[in-house]
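Only this structure's heavy atoms are used, side chains among them; waters, hydrogens and symmetry mates stay out.
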There are 2 protein chains.
Amino acid sequence: MAKRGDVTRNKIQDAAEELFAARGFYGVTVREITRLAGVDTALANYYFGSKKNLFDSVLLRRAEGLNEARLKALEDVEREAGDNPPDLEKVIDAFTHPLLDRSERGGPEWKSYFALIAQVNNSPEWGGRMMTEYFDPLVRRFIAAIKRALPNTPDEDIYWAYHFLSGALVLTFAETGRIDNLSDGLCRSSDLESVHRRLPPFIAAGFRALKERDSEKS
Amino acid sequence: MAKRGDVTRNKIQDAAEELFAARGFYGVTVREITRLAGVDTALANYYFGSKKNLFDSVLLRRAEGLNEARLKALEDVEREAGDNPPDLEKVIDAFTHPLLDRSERGGPEWKSYFALIAQVNNSPEWGGRMMTEYFDPLVRRFIAAIKRALPNTPDEDIYWAYHFLSGALVLTFAETGRIDNLSDGLCRSSDLESVHRRLPPFIAAGFRALKERDSEKS
DNA sequence: AGTTATTTTCTACACTTGTTTAATTTTGGT
DNA sequence: ACCAAAATTAAACAAGTGTAGAAAATAACT
């Protein structure tokens with residue numbers, strides 16, 4: 001049940017999420033955040049201690065539920081496969097679909113959250129540490145599933161392929177409008193349904209190509 | 001030939017490049033930049049007018065030469081192909097290799113520059129506009145070559161596949177150390193030679209998978 | 001050498017930064 | 001209704017922000 005100060009707490013996090021997503025950690029002031037939230041400036045520090053803590057809390061807030069949903073999707077795929085290796089496309093879909101789905105149907109907060117992730121992920125300052133902290137256990141589970149789906153593939157290939165997957169997925173969330181410009185309006189950054197149809201087969205084929213490439217040169 | 005104030009101009013740009021790459025536009029102060037450059041604070045505004053102009057000039061400085069080299073690499077591939085469609089892997093390699101090569105062998109300035117690009121690319125504030133401004137003409141040339149390499153592929157597939165390529169490539173430049181953590185040291189973010197071997201076949205297979213997927217369902 | 005023109009330094013402006021403190025108001029439990 | 005706990009407000013802190021202008025130093029050209 002909701003405690004006393006939870007509504008203001010959440011208002012501050014909501015405003016912070018939106019603004020951090022737009023201009024990053026340093027591009028936003030505490031005063032902007034509290035103004036957008038409609039509360040006094042001092043409340044940000046009252047509830048979160050520091051700007052940095054607020055930033056962390058915004059990132060953490062949605063991470064747990066997200067990872068649970070993705071883990072469940074993976075377990076469904078594995079259960080369906082039984083003792084056979086799981087289908088690679090389906091594993092990748094379990095990894096990406098919960099994200100794409102929330103971004104498309106979860107309301108603008110989710111868009112902000114993912115745009116924030118997109119920035120954090122590519123930042124040398126936060127990228128390595130924070131992504132590792134919040135997503136590593138889940139990612140390791142997925143990589144293990146991918147290894148089962150692609151037996152006899154060298155580990156280096158798996159990790160680099162995952163890295164490419166991560167980059168492609170995360171740029172999608174940034175929704176910078178670049179593909180809109182490039183395609184003269186034919187494709188839209190916000191059309192995540194198109195991504196959902198294309199990303200799993202695209203990435204799965206890439207994974208398999210690395211596996212093939214390696215078995216050739218033996 | 002070098003004009004009078006060019007050395008300080010470059011010192012400021014070098015320092016700005018390094019710092020912007022580490023903490024982004026807002027995360028760095030003009031005073032930090034000039035301190036690292038070893039010059040007076042006022043010189044940043046004297047030479048560049050404003051912090052924002054300095055930022056732009058840093059991004060622009062290496063973009064031109066870079067695009068020339070990539071265009072030349074593409075033209076070589078096309079010349080080699082003659083009247084036949086060019087080889088897809090080779091087109092992708094012409095797109096990525098000049099970047100990976102400079103990052104690996106061009107000294108730390110290039111690493112900074114690409115890390116900066118990695119941040120800008122995923123930022124909603126700069127991403128769409130700046131990348132379009134500096135790289136669009138070249139990217140359109142490459143997309144045209146890819147279309148020739150993959151005849152009868154729907155344009156939407158081409159653009160989305162390019163988008164995935166772009167995300168994978170750009171995350172590589174961020175060198176956040178994430179893959180180092182994830183692989184427990186087996187892979188290293190800085191090992192761009194590994195990327196150079198794997199990215200073109202990975203991406204080419206993805207492109208082809210989208211083409212196949214589409215011709216199936218007719 | 002003398003006179004521009006360019007570059008560099010120093011100082012200061014007007015304003016914003018994150019955070020803290022103390023006073024005040026509101027709330028929940030008894 | 002009373003009291004302690006929690007939440008909110010207003011004010012201020014010291015430090016730092018981008019930028020500009022006048023003075024000084026340096027270089028270039030005739």
What I want to find out is whether [X] reaches [Y] closely enough, with some N-O distance under 4.0 Å, to be called a salt bridge.
X        : Y        : value
A:Arg79  : A:Asp76  : yes
B:Arg141 : B:Glu78  : yes
B:Asp184 : A:Arg140 : yes
B:Arg129 : B:Glu133 : yes

* Enclosure of A:Lys72 NZ (heavy-atom neighbours >12, cutoff 6.0 Å) ->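 Not more than 12 within 6.0 Å, no.
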field: Pairing residues for A:Ala115 by the side chain to side chain contact (heavy atoms under 4.5 Å, CB included) criterion, not counting sequence neighbours
entry: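 By the side chain to side chain contact (heavy atoms under 4.5 Å, CB included) rule, A:Ala115 matches A:Ala21.
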- Residue-level proximity of residues 15-39 of chain B to DNA chain C when a heavy atom falls under 4.0 Å: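 Hits under 4.0 Å, by residue number: B:Arg31.
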Mind listing the residues from residues 45-58 of chain B sitting with a heavy atom below 4.0 Å of DNA chain C? Number order is fine.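 Listed by number, they are B:Tyr46, B:Tyr47.
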Anything under 4.0 Å to a heavy atom of chain B counts; send over the first and last such nucleotide of DNA chain D, read 5' to 3'.
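Answer, 5' to 3': D:dT17 to D:dA28.
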Suppose we screen for side-chain hydrogen bond (donor to acceptor under 3.5 Å, both in side chains). Which residues come up paired with A:Glu17, at least two apart in sequence or across chains?
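side-chain hydrogen bond (donor to acceptor under 3.5 Å, both in side chains) check on A:Glu17 returns A:Arg61, A:Arg62.
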B:Glu193: partners by side-chain hydrogen bond (donor to acceptor under 3.5 Å, both in side chains), with sequence neighbours left out:
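Scan of B:Glu193 (side-chain hydrogen bond (donor to acceptor under 3.5 Å, both in side chains), adjacent residues dropped) gives none.
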**Item:** Counterpart residues, ring pair (Phe, Tyr, Trp, His ring centres under 6.0 Å), relative to A:Phe173 (two or more places apart)
**Value:**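 If we apply the ring pair (Phe, Tyr, Trp, His ring centres under 6.0 Å) test to A:Phe173, skipping adjacent residues, the hits are A:Phe114.
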#### Entry: Summary of side chain to side chain donor-acceptor pair (under 3.5 Å) pairs that have at least one residue in residues 158-182 of chain A, sequence neighbours excluded
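Those involving residues 158-182 of chain A are A:Lys111-A:Glu175, A:His163-B:Thr172, A:Thr172-B:His163, A:Arg178-B:Asp136, A:Asp180-A:Ser189, A:Asn181-B:Thr132.
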- Query: How would you list all residue pairs meeting side chain to side chain donor-acceptor pair (under 3.5 Å) that involve residues 44-54 of chain A, not counting sequence neighbours?
  - Reply: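 For residues 44-54 of chain A: A:Thr8-A:Tyr47.
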Can you sort out the partners of A:Glu156 under salt bridge (charged side-chain N to carboxylate O under 4.0 Å, His left out), two or more places apart, ordered by chain and number?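 With neighbours one apart ignored, the set is empty.
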Using heavy-atom distances to pick each residue's nearest nucleotide on DNA chain C, tell me which of B:Thr41 and B:Thr8 is more 5'.
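Closer to the 5' end of DNA chain C: B:Thr8.
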Donor-acceptor contact present, side-chain [X] to main-chain [Y], <3.5 Å:
X        : Y        : answer
A:Glu32  : A:Thr29  : yes
A:Asp157 : A:Ala209 : no
A:Ser103 : A:Leu100 : no

Degree of bending in the helix from C:dT8-D:dA23 to C:dT30-D:dA1 once both end axes are built from five pairs, to 10°:
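Axis angle across the helix from C:dT8-D:dA23 to C:dT30-D:dA1, nearest 10°: 20°.
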Please write out the pairs of protein N or O atoms and N or O atoms of nucleotides 26-29 of chain C separated by less than 3.5 Å, giving the distance to one decimal.
none

Practice problem: Specify the separation, in whole Å, of atom CG of B:Leu43 and atom P of C:dT8. | Solution: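 It works out to 6 Å between those atoms.
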Need one value for A:Ala44: base, sugar-phosphate or nothing, where a base atom within 4.0 Å counts as base even if backbone is also close, heavy atoms only.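 No contact at all - A:Ala44 keeps every heavy atom at 4.0 Å or more from the nucleic acid.
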